[in-house]
Amino acid sequence: MPAVRNKDVEKEKVLQLKGKEAEERILKYMKEANRPYGAADVSANIKGVVSKPATQKILALLAERGLITQKTYDCDELSSEQFDALEGQIKALEEEVKDLTAKQKQLNSELKEVRSTPKDAELDASNLKMESQIEGLEKALEPLRAGAVPISEAEVLKLEQDWMKWKIEWVSRKKVFKAAWGTATESLDSNEGIELADQLGQSRMLPSPSWPDMLYQVLSKIVPSTLS
């Protein structure tokens with residue numbers, strides 16, 4: 001089976017002619033064709049061995065030397081020097097466009113940042129809200145600064161009563177659990193019992209420092225006069 005031929009490989013690379021060789025190739029073609037052609041047609045007909053801009057300049061140069069006749073239609077005739085000057089202007093404009101494009105990108109970034117910042121009205125509203133919150137907190141602190149007790153005796157008494165109620169309930173339930181647990185794990189040693197409790201998520205119910213007692217100690221530091 002024949003190998004598939006790659007068109008890109010088959011395509012011959014066009015060798016660009018320059019200088020004297022380019023002038024001679026274009027002059028030869030114009031004499032052979034003996035017909036009026038523009039720069040684009042000449043460049044295409046000679047298979048692009050001379051670029052269109054270079055062809056334009058060479059045609060103008062050949063016309064200046066009197067080797068070919070050049071006709072213009074509704075436009076001014078340009079010399080090779082004028083073409084060179086125009087090319088220089090084009091390159092300068094291209095560089096200017098690059099600089100302006102980069103500057104535009106930077107300005108767009110700055111504009112986006114500016115648009116994302118809060119407006120004056122939003123900042124004013126935010127400041128008023130914060131000032132109102134500060135004023136409320138200052139009023140709440142005034143009694144404490146004056147030496148007022150942060151919690152009344154009645155509230156402390158109610159807290160202590162609720163505390164004792166739920167502590168008794170917790171101790172009662174813990175006793176029931178311990179009795180049931182002891183029956184269920186009497187055939188296990190202590191380590192196996194702890195592992196089983198961990199698996200069942202009940203390790204907190206095993207003998208350990210009582211959380212009601214620890215919480216009571218914390219509360220006694222806050223209101224020692226009533227809980228002691």
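- Look at E135 and K139 and you find a salt bridge, because one of the NZ, NE, NH1 or NH2 atoms lies within 4.0 Å of a carboxylate O, short of that distance.
- Hydrophobic clustering (ILVMFWY, side-chain heavy atoms < 4.5 Å, transitive): I168 and L157 are in distinct clusters.
- Here CG of L59 is found 10.5 Å from CD of E23. Values are rounded to the nearest 0.5 Å.
- The two residues S43 and S51 make their nearest non-hydrogen contact at OG-C, 3.7 Å.
- To the nearest 0.5 Å, the span separating CG on L123 from CG on L128 amounts to 11.0 Å.
- A donor-acceptor pair under 3.5 Å is absent between the side-chain atoms of S109 and the main chain of K105, judged by distance alone.
- The two atoms that bring Q16 and G48 nearest to each other are NE2-O, 2.8 Å, heavy atoms only.
- The 12-atom threshold is not exceeded at CD of E113, counting heavy atoms of other residues, nucleotides or ligands nearer than 6.0 Å.
- Between E169 and R173 a salt bridge is recorded (basic side-chain N to carboxylate O distance below 4.0 Å).
- Taking all atoms of both residues into account, the shortest heavy-atom contact from A22 to I58 is CB-CD1, 3.6 Å.
- A distance of 5.5 Å separates CG in L27 from CG in L62, rounded to the nearest 0.5 Å.
- How far OG1 of T117 is from CZ of R115: 11.0 Å, rounded to the nearest 0.5 Å.
- Between D162 and K158, at least one side-chain N (NZ, or NE/NH1/NH2) sits under 4.0 Å from a carboxylate O, which counts as a salt bridge.
- Side-chain atoms of L159 and E155, non-hydrogen and from C-beta on, never get closer than 4.5 Å to each other.
- One finds the NZ atom of K167 at 11.0 Å from the NZ atom of K174 (value rounded to the nearest 0.5 Å).
- Considering OH of Y29 and CG of N45, their distance stands at 3.5 Å, rounded to 0.5 Å.
- In terms of heavy atoms, K57 sits closest to E87 at NZ-OE1, 3.6 Å.
- Salt bridge present: E138 and R145 bring a charged side-chain N and a carboxylate O closer than 4.0 Å.
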